[in-house]
Structure formats: structure tokens, C-alpha cells
Amino acid sequence: MANPTGRSFLQVAATEEAVAPPLRVVQIEGLVILKIIKHCQEFSPALVTGQLLGLDVGSVLEVTNCFPFPVREEDEEIEAEGANYQLEMMRCLREVNVDNNTVGWYQSTLFGSYQTVELIETFMNYQENIKRCVCIIYDPSRSNQGVLALKALKLSDSFMELYKSNNFTGEKLREKNLSWVDIFEEILIKVSNSALISAFMTELEPDTPVTQCDYERLQLSTNPYLERNVEFLIECMDDLSMEQQKFQFYYRNLSRQQAQQQAWLQKRRTENMARKAAGEELLPEEDPSNPVFKPLPEPSRLDSFLITNQISNYCNQINGVAGQSLSRLHLMKALHEN
């Protein structure tokens with residue numbers, strides 16, 4: 001006897017999908033991180049990208065494999081070849097029984113300059129087919145300072161909803177309570193290795209506790225890195241100043257238009273008073289065909305939000321590297337005195 005309260009498999013799957021927990025952790029295999037680092041380091045300072053493969057399990061996004069995209073110049077035919085290469089690569093992985101579910105992509109960056117419109121558009125393209133995807137950002141220049149500069153990013157739900165409407169006016173942003181810090185969400189990265197790999201790495205571990213990463217942390221020369229960050233920061237400040245000039249120009253035009261509208265309305269009201277005294281029909285006080293009443297398009301605030309994000313990133317990097325550099329210099333000073 002069939003259960004009247006029973007549900008079909010599709011109904012259960014749809015319910016589970018609707019109540020899926022938010023993404024909390026990106027669990028990456030150690031081998032995947034090594035492949036990403038190797039690909040980005042080999043082509044540095046050129047920027048490269050690749051595909052992330054894995055499985056979405058609850059609040060954890062498992063990244064178990066990846067493969068690089070070939071470095072080519074931008075062209076429509078070449079882009080089509082790149083898409084065919086991606087599909088062919090995933091087909092080959094499926095034939096050898098390797099994870100081939102796309103969960104996002106990785107890309108390299110130079111001094112943390114990744115907050116761009118292109119990154120947002122790529123996210124939106126992935127979102128059409130993948131409910132939850134991430135972008136792994138790796139910065140070789142930052143990693144040379146003795147820190148593994150690896151980030152997992154996703155777009156916030158509120159920002160994606162607003163981006164689909166393509167309405168980044170001040171009124172809409174205030175209505176959604178959205179600021180420049182609400183564009184990207186950084187997801188916690190957890191590195192995972194199998195028991196066999198952990199045992200093998202333990203066997204390979206040298207007797208001395210000092211590693212190459214420890215030597216990199218003792219590098220005292222941070223001037224080139226700081227100089228490039230300051231240069232990029234100055235460029236971003238110039239870009240932000242240009243964006244502010246656009247809004248100043250818009251508000252000047254808006255004030256001029258409002259003054260013209262008030263003058264036109266005053267003239268029309270005076271004319272209506274004369275027509276009323278003469279017993280004639282009154283003219284409407286609104287005329288949509290008049291160019292004075294044509295609304296002025298407000299500039300999008302997306303670019304200024306991204307530039308502000310980038311400025312904050314450069315300031316954080318300068319602050320972090322400068323603090324570490326001062327600590328090293330004080331340490332070396334104490335060692336020389338002794």
C-alpha cells in the first residue's frame with residue numbers, strides 16, 4: 001500500500017536543494033594547491049587561469065583536482081578553442097574515473113589586483129550552470145614574502161541579485177543596504193591530505209626544523225614589494241578621483257536641470273493664470289516631451305566600489321608587510337648588538 005504522505009525522489013531532491021546550507025569551507029587537496037602554485041609560478045608575471053574540479057557536499061566545497069587553461073591571446077576563435085579544450089579535458093578525466101564536476105576556477109594575480117568587472121562577469125557566467133562556485137586567487141608576488149597568498153572568493157547573494165538588475169544607483173544601494181565591502185565573500189580554506197600522503201611527507205621531512213619558508217620569512221628587503229603596492233595604490237586613487245569627478249559632473253547637470261524645470265514651471269503657471277483670467281483652457285504643467293524633464297542617467301557606482309575594494313586590499317598588504325619588516329629589522333638590530 002502506497003504511503004499517501006510519501007514524496008518522490010525529485011520532490012525530496014528539490015527540497016534538499018532549496019534548503020541547502022550556506023557555503024562555509026573550501027576543502028582543497030594538497031596536491032591541487034601544489035598544481036596551482038606550479039602553474040602560476042611558471043608563467044609569472046603573466047596571469048593564468050585554470051579549472052577547479054570537485055564536489056559540493058553540504059556547507060563544504062571539496063576541490064579534489066584541477067587543470068590549467070592554455071595561455072593564448074584573446075580572440076573569438078581562440079576562445080571557442082579554449083571551450084573545446086575544457087570539454088575535451090573533462091571528458092578525458094571522466095574516462096579515467098577522475099572527478100570532473102566543475103566547482104569553479106583559479107587564477108593568478110599580481111600584487112592582489114583582482115577586483116575587476118571581468119571577475120564578476122566570470123562569476124555570473126559560472127552561476128548560470130553552477131549554484132555554488134568559488135574562485136581561488138593565488139598571488140605569487142605576495143607568496144615570495146614567505147606567506148601562502150591563497151584566497152577563496154565568491155560573490156555575495158545580495159550583490160548578485162543587484163548585478164542581475166544592473167541598477168547600481170545610490171537609491172538602489174541604500175535600499176539594499178549594500179556597500180563596497182559586500183561585493184566579495186572570502187571563504188575559509190582547509191587543506192586536506194590523505195593518510196598515505198601525510199605519512200609520506202613525514203618520511204620526507206628533514207631532521208632540521210628549519211625550512212625554506214623559514215628562510216623566506218627572514219628576508220629583509222621588502223622595498224620592491226612595497227614600492228609596487230604604493231604605485232598601484234596611487235593609480236587606484238587617481239581612478240577613484242576620476243569616478244568622483246563623474247558624479248560631480250552628474251550632480252551639477254542635475255542641479256542645472258532642476259533649475260530649468262522650476263523656471264519652466266513658473267513660466268507655465270504664469271501663463272495659466274493669464275489664460276484663466278481670459279477664460280481659456282489651462283495648459284498642463286507637465287510636458288514629458290520637453291527635454292527639460294528628461295531624466296538624467298545616474299552613473300553606475302560599481303566601478304567606484306571595485307576601486308575602493310582594491311584600495312583597501314593594497315592598504316592591508318602594505319600594513320602587513322611593513323609591520324613584518326619592522327619586526328625583522330628590530331630582530332636583526334638586537335642580534336647585531338649582542
Side-chain angles (χ1 to χ4, degrees), residues 13-14 16-37 39-40 47-70 79 82-94 98-109 112-139 149-166 178 181-192 302 305-306 309 313:
E16 291 294 330
E17 183 178 357
V19 296
L23 183 61
R24 301 296 183 189
V25 179
V26 176
Q27 181 174 303
I28 309 180
E29 297 287 339
L31 180 60
V32 177
I33 294 181
L34 292 177
K35 292 169 70 173
I36 293 175
I37 293 175
H39 183 210
C40 297
L47 304 182
V48 294
T49 60
Q51 192 78 64
L52 297 176
L53 306 174
L55 190 63
D56 185 2
V57 183
S59 61
V60 179
L61 191 67
E62 299 181 2
V63 181
T64 58
N65 200 0
C66 68
F67 62 87
F69 290 155
E79 287 182 1
N84 294 332
Y85 168 83
Q86 179 180 351
L87 295 175
E88 183 66 18
M89 190 69 178
M90 295 177 67
R91 184 186 65 80
C92 294
L93 291 174
R94 184 171 61 251
V98 176
D99 289 341
N100 57 84
N101 298 319
T102 302
V103 295
W105 80 101
Y106 71 86
Q107 68 179 48
S108 61
T109 183
S113 56
Y114 56 85
Q115 289 97 339
T116 59
V117 178
E118 290 75 15
L119 179 64
I120 296 176
E121 292 177 349
T122 306
F123 261 116
M124 299 305 296
N125 292 333
Y126 271 85
Q127 288 288 338
E128 293 179 358
N129 301 315
I130 306 173
K131 292 297 182 181
R132 297 195 299 186
C133 68
V134 295
C135 176
I136 302 297
I137 304 291
Y138 177 72
D139 190 347
L150 203 67
K151 290 184 179 180
L153 300 176
K154 67 180 289 291
L155 292 179
S156 64
D157 296 335
S158 57
F159 176 79
M160 285 192 294
E161 180 182 354
L162 190 60
Y163 187 83
K164 291 177 182 178
S165 64
N166 195 23
L178 190 71
V181 296
D182 301 321
I183 297 179
F184 297 102
E185 293 182 5
E186 186 172 350
I187 310 299
L188 177 65
I189 293 180
K190 179 181 178 182
V191 181
S192 173
L302 177 60
F305 274 24
L306 292 175
N309 252 310
N313 186 39

Taking all atoms of both residues into account, what is the closest heavy-atom pair of [X] and [Y], and its distance?
X    : Y   : answer
V32  : C66 : CG1-SG, 3.8 Å
L23  : S59 : CD1-O, 3.5 Å
Y138 : C40 : CD2-CB, 3.5 Å

Please say which of V103, N101, L93 ends up in a side-chain contact (heavy atoms from CB on, under 4.5 Å) with L53.
L93
Among K151, K154, R132, find the residue that satisfies the side-chain contact (heavy atoms from CB on, under 4.5 Å) test when tested with I187.
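It is K154, the one option of K151, K154, R132 that forms the side-chain contact (heavy atoms from CB on, under 4.5 Å) with I187.
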Quick one: are [X] and [Y] in side-chain contact, heavy atoms under 4.5 Å?
X    : Y    : value
D56  : K131 : no
I136 : L150 : yes
T64  : L55  : no
L188 : K190 : no
I120 : L302 : yes
Q115 : F305 : no
M89  : Q51  : no
L155 : F184 : yes

Out of Y163, F159, Y114, W105, which one pairs with F123 under the ring-ring contact (aromatic ring centres under 6.0 Å, His included) rule?
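For F123, the ring-ring contact (aromatic ring centres under 6.0 Å, His included) test succeeds with only one of Y163, F159, Y114, W105, which is W105.
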What pairs of residues pass the side chain to side chain donor-acceptor pair (under 3.5 Å) test when at least one of them lies in residues 23-37, not counting sequence neighbours?
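Qualifying pairs, neighbours excluded: K35-N65.
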Rounded to the nearest 0.5 Å, what separation is found between the [atom1] atom of [X] and the [atom2] atom of [Y]?
X    : Y    : atom1 : atom2 : result
L306 : L119 : CG    : CG    : 9.0 Å
F69  : H39  : CZ    : NE2   : 10.0 Å
E185 : D157 : CD    : CG    : 6.5 Å
I183 : S158 : CD1   : OG    : 9.5 Å
I36  : Y106 : CD1   : OH    : 6.0 Å
Q127 : K164 : CD    : NZ    : 7.0 Å

Checking N313 side chain against N309 main chain: does a donor-acceptor pair fall under 3.5 Å?
no
S108 side-chain N/O to V48 backbone N/O, donor-acceptor pair under 3.5 Å:
yes
